[in-house]
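The block underneath contains the structure these notes are about, expressed in structure tokens.
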Amino acid sequence: MEWVKVFAPATIGNIGPGFDVLGLAVQKLGDVIEARKIQSGVKISSIVPAGSDVNLSTDPEKNTAGIAARETLKILEVRGGVELRLEKGIPLGSGLGSSAASAAAAALAVNCLYGNELTKEELILPSTRAEEVVSGGFFADNTAPALLGGATLTRSCLPLDVTRIGSIKRLKIILVTPDTVILTKEARKILPDKIPMKDFVFNMANTSLITAAFAKDDYALFARSLNDVVIEPVRAKLIKGFDQVKENALKAGADGMTISGSGPTVFAITDRLSKARLIEDAMVRTFRQFGTKTFHLITAVDPEGARVIN
Ligand code: HSE
């Protein structure tokens, strides 16, 4: 049986104030899945981990790739199963949509093997069901951009209603990942149940303007709108040195900095590569002052999302 090879990018989800609704695919990082048809069921025959990840299960019911594959097969109503080989490029628990990338790649691979009956939009549901099992919440701000590319917005989870917004071509994203793990499940437990009306209005306005910025390819508007007064102050406490890293990123010229997803990755933005290098250096050095080693990268929007690469 022939193998198909699929890549799905890392994602920032949420983008700042757009908690659980705004997500963004980024270049240079992602997961790769090779898949082939088998007679029945879902089998994960191998996993190459990213870095020192040890918590990856080849049990298809405990791995988002396996769950997404099973859910996609169910929707396709086909006889037959799939064997998967997973190559992780995104560390688990980094806030870069690791589990969503595996799920998106597996869903696309199964669809490709079984006649491409489903659109990428239709693959968001099986991918998000897989994400739900590991994250403790049903949200598509990582799975949708991993599949569709660019920035995406979720209007509703049930029924799932997601739209691709667009991209910002000039945007340079400085990703810095401290060598600690934050599980989404845990980072959701600490969030407040109720928020003041003024914070709601502030975050809603900034979320709306980020949406407009990606629709209009307007970097300056995005730079003005990357502000979150609800989630960031709470989750920042999980990231040692966050306030100082942000202060130094802004001093080095960043137009904004916040947490990627549930962290610990943080990202800063600029529209100039020369500045991006200075900002990256300032952020990495500040984390180091707190005794934290980092993985870091300057990247941009991935406008394409999950794709077949063979
Ligand atoms: N929107 C989710 C959260 C994504 O921030 O909890 C986690 O990757």
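Note that ligands are numbered from 1 as they come in the structure, with each ligand's atoms numbered from 1 the same way.
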Practice item. State whether D199 and K194 are salt-bridged, where the test is any N-O pair (Lys NZ or Arg NE/NH1/NH2 against Asp/Glu carboxylate O) under 4.0 Å. Key: no
Check each N or O atom of ligand 1 against all protein N or O atoms and list the pairs under 3.5 Å, with atom names and distances to 0.1 Å, one per line.
unit_1: ligand 1; atom_1: 1 (N); unit_2: N14; atom_2: OD1; d: 2.7
unit_1: ligand 1; atom_1: 1 (N); unit_2: D20; atom_2: OD1; d: 2.5
unit_1: ligand 1; atom_1: 1 (N); unit_2: D141; atom_2: OD1; d: 3.3
unit_1: ligand 1; atom_1: 1 (N); unit_2: D141; atom_2: OD2; d: 2.7
unit_1: ligand 1; atom_1: 5 (O); unit_2: N14; atom_2: OD1; d: 2.9
unit_1: ligand 1; atom_1: 5 (O); unit_2: R235; atom_2: NH1; d: 2.7
unit_1: ligand 1; atom_1: 6 (O); unit_2: R188; atom_2: NH1; d: 2.7
unit_1: ligand 1; atom_1: 6 (O); unit_2: R235; atom_2: NH2; d: 2.9
unit_1: ligand 1; atom_1: 8 (O); unit_2: N142; atom_2: OD1; d: 3.0

Exercise for review: For F139, check ring-ring contact (aromatic ring centres under 6.0 Å, His included) against everything at least two apart and list the hits.
Suggested key: none
Study note, to complete from the structure: For L278, the side chain to side chain contact (heavy atoms under 4.5 Å, CB included) test, sequence neighbours excluded, returns none
**Study point:** Residues E61, R70: salt bridge by 4.0 Å N-O rule
**Key:** yes
Point to revise | Check: E117 main-chain N/O paired with N111 side-chain donor or acceptor under 3.5 Å | key: yes
Check your understanding: Which residue pairs pass the side-chain hydrogen bond (donor to acceptor under 3.5 Å, both in side chains) test with at least one member in residues 166-182, sequence neighbours excluded?
Key -> K169-D217, R170-D271, T177-T265
